[in-house]
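Only one structure is covered here, and it is reproduced in the block below.
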Protein chains: 2
Amino acid sequence: MPGIWPALLTPLDAGLDIDHARFTALAHGLLASGCGGVTPFGTTGEGPSFSLDERRRAVDALVESGVAGPRILVSTSCAALPETLALTRHALRIGAWGCLMLPPFYLKGVSDQGIVDAYRYVIDGAADDRLRVMLYHIPQVAAVGLSHAVIAELMRLYPKTIVGIKDSQCDLAHSLALADAFMPGLTVHVGNELDLPALGRRGSTGAVSGLANFLPRLVHRLVAQPDAPQTAHDLERVRRLLGELGGYALIPALKGVMAHLSGDVTWLRVRPPLVALDAARYQALQNWLRTFPIDSKTD
Amino acid sequence: MPGIWPALLTPLDAGLDIDHARFTALAHGLLASGCGGVTPFGTTGEGPSFSLDERRRAVDALVESGVAGPRILVSTSCAALPETLALTRHALRIGAWGCLMLPPFYLKGVSDQGIVDAYRYVIDGAADDRLRVMLYHIPQVAAVGLSHAVIAELMRLYPKTIVGIKDSQCDLAHSLALADAFMPGLTVHVGNELDLPALGRRGSTGAVSGLANFLPRLVHRLVAQPDAPQTAHDLERVRRLLGELGGYALIPALKGVMAHLSGDVTWLRVRPPLVALDAARYQALQNWLRTFPIDSKTD
């Protein structure tokens, strides 16, 4: 899975349903800017806030609009395993590159064995050699994480299916320990853009990134050319941007950046339990973004 | 909602799908033993581990087996609001007494406003004066809780709809503070059986209880007759039982008790990410339960 596969933000219409036209336009724009593929319905995309039907229809809309299946990594994560399996089968039907998959995230304090059993339920249920699974570790949101023991057991059971892990714990030491333990058998993709050069030097070939919704080239440079002269400058810009966005709830703020760059305030919409930036906060973010120009040709 | 409405355990068949025959038999047995109603698909019932379709079909099976709608409190909680709304509409269609409803539980650190917006999405979407909502607070599992500010705002917006809160934080001080702040406008039902007498003295009229799957009469006495001579003895038994079950994962252990009492080991099955008691643990639990007789006539 080389290159950048942005964790697509999900645009909404006035009824807070998915706006397929804007969703597919975002995907096409990112592919045109050189992204390897796109990742619908991760955390940044508010994935678990959408129903099974909404997620299937939006992925169908991507395909119908001309996005090739092999350029889609579908997050199929649900609390209920039959729903994760249904979305995984759907991803296989559209010929997706693979599936980004959380452990079930409602019950907490579950055992490693229980998490392995959960992945087995889905992978054995799909029963398809074409399936590629990228494990998804984001314990600060899911509140259920993936231990080394779980990863090792899944790689043992499904050596061809388990191809990578998206490590969004945002702790470089954790990501490097994963790389030590499991690369090159499985590729570690970090969620924190600041850690991309370090993982790029370790052989990571890409990223599923939130900032890549509007900085696809910059994010790609960080992982693909970690020792280029421009890296320090790019990292400093990412640091400044994340610092500013840290003053807001992250997903509404990322949508605020999209609204600012596109001039389309409908991008501000989020589905509850998120709350959209209000007028004052959006104004403040816009004021700051005017000091932080984003170049759609080079960023 | 007077009386005990057990948080039904969910029996599974060999394929780990819901066993409707055993599920409806459990409900009928509990109603025959004097329970006010039954509560499918709470946390004890592994509710979020089942798909929308599975949950609808199992509730339909209860109704088709002869459980009257007004004796069912359906947990309609999902991560995705359109699914919570769909289950809530289904509960209204079958004439359920009401809906037990968590806030959306995937995204963490969300604001009070976002949680209020989430309930508004469902309640306004259902748009039905018959809807009764019992709020559901279980922060140690959902990792998203309900503040006093959220509860007060929802009671202000929907004074006839918000009728109660199931407080499963298992902290008596928290439950009593809720009672001080909101009773009698909304009834506080505690999840921790040990706290039932204290809440019974404050006017709480019932409980949604996990132990009531096999101790329905004892649990009822705790809340309905908190100052009866038998209360100290009943509490001591609950304390001993919870102490023993605390040595296992709770839901598999509750199912182990069901298996022991019914002589039907299929009750041991759980859906991942839970893991069933293995033979040694089930044996150990059975050995202990032989020292702790449960009388199906008085307990």
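Everything numeric here is computed off the predicted structure, so don't read it as measured data. All chains are named by letter (A, B, ...) in the order of the sequence lines, taking the proteins before the strands, and each is independently numbered beginning at 1. Reckoned from all heavy atoms, side chains included, excluding hydrogens, waters and symmetry mates.
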**Study point:** Trace of the salt bridge (charged side-chain N to carboxylate O under 4.0 Å, His left out) decision for A/Arg57 with A/Glu54
**Key:** CA-CA 5 Å; A/Arg57 280 188 277 118; A/Glu54 288 180 297; 5.5 Å; no
Point to revise | Salt-bridge contact A/Glu46-A/Lys255 (side-chain N to carboxylate O under 4.0 Å) | key: yes
Check your understanding: Heavy atoms, side chains only, cut-off 4.5 Å: are B/Leu242 and B/Leu211 in contact?
Key -> yes
Check your understanding: Side chain, backbone, both or neither: which part of A/Tyr121 has an atom under 4.5 Å from a heavy atom of chain B?
Key -> side chain
Study note, to complete from the structure: Turns out that what part of A/Pro48 lies under 4.5 Å from chain B's heavy atoms comes down to both
Check your understanding: In terms of heavy-atom proximity below 4.5 Å to chain B, should A/Ala142 be classed as side chain, backbone, both, or neither?
Key -> both
Point to revise | Derivation and outcome, side-chain contact (heavy atoms from CB on, under 4.5 Å), residues B/Ile162 and B/Ile123 | key: CA-CA 10 Å; B/Ile162 307 294; B/Ile123 297 171; 3.9 Å; yes
Practice item. Measure from NZ or CZ of A/Lys108 to the centre of the six-membered ring of A/Phe105, then state whether that distance is under 6.0 Å and the direction lies within 45° of the axis. Key: no
Review point. Which of the residues A/Arg120, A/Gln113, A/Arg271 is involved in the greatest number of heavy-atom pairs with chain B at under 4.5 angstrom?
Key: A/Arg271
Review point. Any luck finding a side-chain donor-acceptor pair between A/Tyr158 and A/Asp124 under 3.5 Å?
Key: yes
Check your understanding: Between B/Ile138 and chain A, which part of the residue has a heavy atom less than 4.5 Å away: side chain, backbone, both or neither?
Key -> side chain
Check your understanding: Which residue out of A/Val144, A/Ile251, A/Val141, A/Thr43 racks up the most heavy-atom pairs below 4.5 Å with chain B?
Key -> A/Val141
Check your understanding: Which region of A/Leu52, side chain (C-beta onward) or backbone (N, CA, C, O), has a non-hydrogen atom less than 4.5 Å from a non-hydrogen atom of chain B, or is it both or neither?
Key -> both
